[in-house]
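Below is one structure; the comments refer to it alone.
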There are 2 protein chains.
Amino acid sequence: MLDNAQCPDCKRINEVLSRVGDRWSVLVVIYLARYGTMRFNELKRTLGISQRMLSLTLKELERDGLVNRTYHPTIPPKVEYNLTEMGQSFREPVSALGYWALENLNEIDAARQAYDKTVAK
Amino acid sequence: MLDNAQCPDCKRINEVLSRVGDRWSVLVVIYLARYGTMRFNELKRTLGISQRMLSLTLKELERDGLVNRTYHPTIPPKVEYNLTEMGQSFREPVSALGYWALENLNEIDAARQAYDKTVAK
DNA sequence: CATGGCGGTTCCCTATTTGTAACCGGGGTT
DNA sequence: AACCCCGGTTACAAATAGGGAACCGCCATG
């Protein structure tokens with residue numbers, strides 16, 4: 001399976017990216033960076049994510065130290081999420097990726113169509 | 001499932017990230033950016049990826065117009081991969097992400113341990 | 001009294017991802 | 001003859017991700 005002469009960083013980069021690199025995490029970070037502080041259902045409505053996945057994603061992000069969770073025991077309860085310092089530092093590479101994605105979506109679609117045409121005849 | 005008032009960009013960002021955002025694609029792009037041109041088994045050995053996943057990943061990257069595939073019908077066959085222009089432009093946000101991952105891996109691990117200690121007692 | 005919102009958790013089920021192993025042709029090496 | 005390399009493809013199995021729906025306490029509203 002694993003070959004012998006691997007790069008030393010690969011495994012570690014891979015580890016981090018598999019933690020924070022899924023698309024829900026990325027979207028949550030993008031929107032927390034953009035709006036500063038958001039509540040649970042606010043994120044849910046904005047992102048179009050299921051309650052379950054949002055809960056899991058936020059828990060993971062909190063565990064990884066990227067997101068702060070603040071619980072206000074009011075009625076009704078109010079839970080606010082915002083980025084930690086590390087989360088802020090993550091914002092830069094992530095939003096760079098997001099912007100790239102937006103800028104190149106059309107070109108990717110075109111490349112796909114061209115590729116499919118040459119292959120699938 | 002999906003709520004009503006979604007952000008317009010979410011779906012599109014999501015689309016692109018789900019295409020190019022998996023960790024093998026990211027690693028392939030990072031290493032092609034670093035070394036310019038690489039052969040199939042060279043990538044395989046370097047990245048510690050299975051033959052099957054590398055094949056699938058490269059095919060997707062080629063389809064999305066990020067990677068060029070050059071087949072030399074020599075004996076033994078030689079297939080070289082390098083980044084297209086769009087792949088080059090992808091390099092910046094991606095390597096920023098890779099560097100961030102390397103720089104913050106330790107802090108993430110520490111945050112995890114701290115979190116697990118407070119919760120799982 | 002029923003309903004709804006908030007912020008979740010839990011169960012169930014399916015779909016996608018990923019790994020493992022075998023195989024392919026075509027040739028070289030021992 | 002037996003094995004290895006290159007660059008894959010295919011079949012199968014296992015793990016994981018992800019959605020949907022139901023439920024929770026607590027209170028307000030109608």
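Here is the naming used below: chain letters follow the sequence lines, and residue numbers restart at 1 for every chain.
Qualifying side-chain hydrogen bond (donor to acceptor under 3.5 Å, both in side chains) partners for B:D109, counting only residues two or more places apart in sequence or in other chains: A:R19. Partners of B:R39 under the side-chain hydrogen bond (donor to acceptor under 3.5 Å, both in side chains) rule, at least two apart in sequence or in another chain, do not exist in this structure. Annotation: side-chain hydrogen bond (donor to acceptor under 3.5 Å, both in side chains) contacts of B:R63 (sequence neighbours excluded): A:D116. Shown here are the side-chain hydrogen bond (donor to acceptor under 3.5 Å, both in side chains) partners of B:T57, two or more places apart in sequence or in another chain: there are none. For B:R112, the salt bridge (charged side-chain N to carboxylate O under 4.0 Å, His left out) criterion is met by A:E60, A:D64, not counting sequence neighbours.
Across all their heavy atoms, B:V28 and B:L58 have their closest contact at CG1-CD2, 3.9 Å.
When rounded to the nearest whole Å, the span between NZ of B:K44 and P of D:dG8 equals 12 Å. Between the NZ atom of A:K78 and the P atom of C:dG5 there is a distance of 18 Å, rounded to whole Å. B:L56 has its CG atom 10 Å from the P atom of C:dG19, to the nearest Å. Atom CG in B:L54 sits about 10 Å away from atom P in D:dG7, given to the nearest Å. Rounded to a whole Å, the CE atom of A:M53 is 15 Å from the P atom of C:dT16. Rounded to an integer number of Å, the gap from A:E62 CD to C:dG7 P is 15 Å. Atom pair A:I49:CD1 and D:dG19:C1' shows a separation of 11 Å (rounding to whole Å applied). Look at CD on A:E60: it is 13 Å from C1' on D:dA17, rounded to the nearest Å.
Listed by first and then second residue, the ring pair (Phe, Tyr, Trp, His ring centres under 6.0 Å) pairs that reach into residues 44-90 of chain A are A:F90-B:W100, sequence neighbours excluded. The salt bridge (charged side-chain N to carboxylate O under 4.0 Å, His left out) contacts involving residues 87-108 of chain A comprise nothing, where partners must be two or more places apart or lie in separate chains.
Residues B:L54 and B:W24 are not in side-chain contact: their nearest non-hydrogen atoms beyond the backbone lie 4.5 Å or more apart.
The listed nucleotides are D:dG19, D:dG7, C:dT18; the one nearest the side chain of B:W24 is C:dT18. Distances from the side chain of B:F40 to the nucleotides D:dG19, C:dC6, D:dG8 place D:dG8 closest.
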Within the sub-3.5 Å range, which N or O atoms of nucleotides 10-12 of chain C have a protein N or O partner, and how far apart are they?
from   : atom 1 : to    : atom 2 : distance (Å)
C:dC11 : N4     : A:R52 : NE     : 3.4

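A sub-4.0 Å separation between OP1 or OP2 of D:dC5 and a side-chain N or O of B:R45 is absent. Distances shown here put a side-chain N or O of A:S55 below 4.0 Å from the OP1 or OP2 atom of C:dT9.
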Protein proximity profile, nucleotides 22-30 of chain D - base contact B, sugar-phosphate-only contact S, no contact -, cut-off 4.0 Å on heavy atoms: -----S---
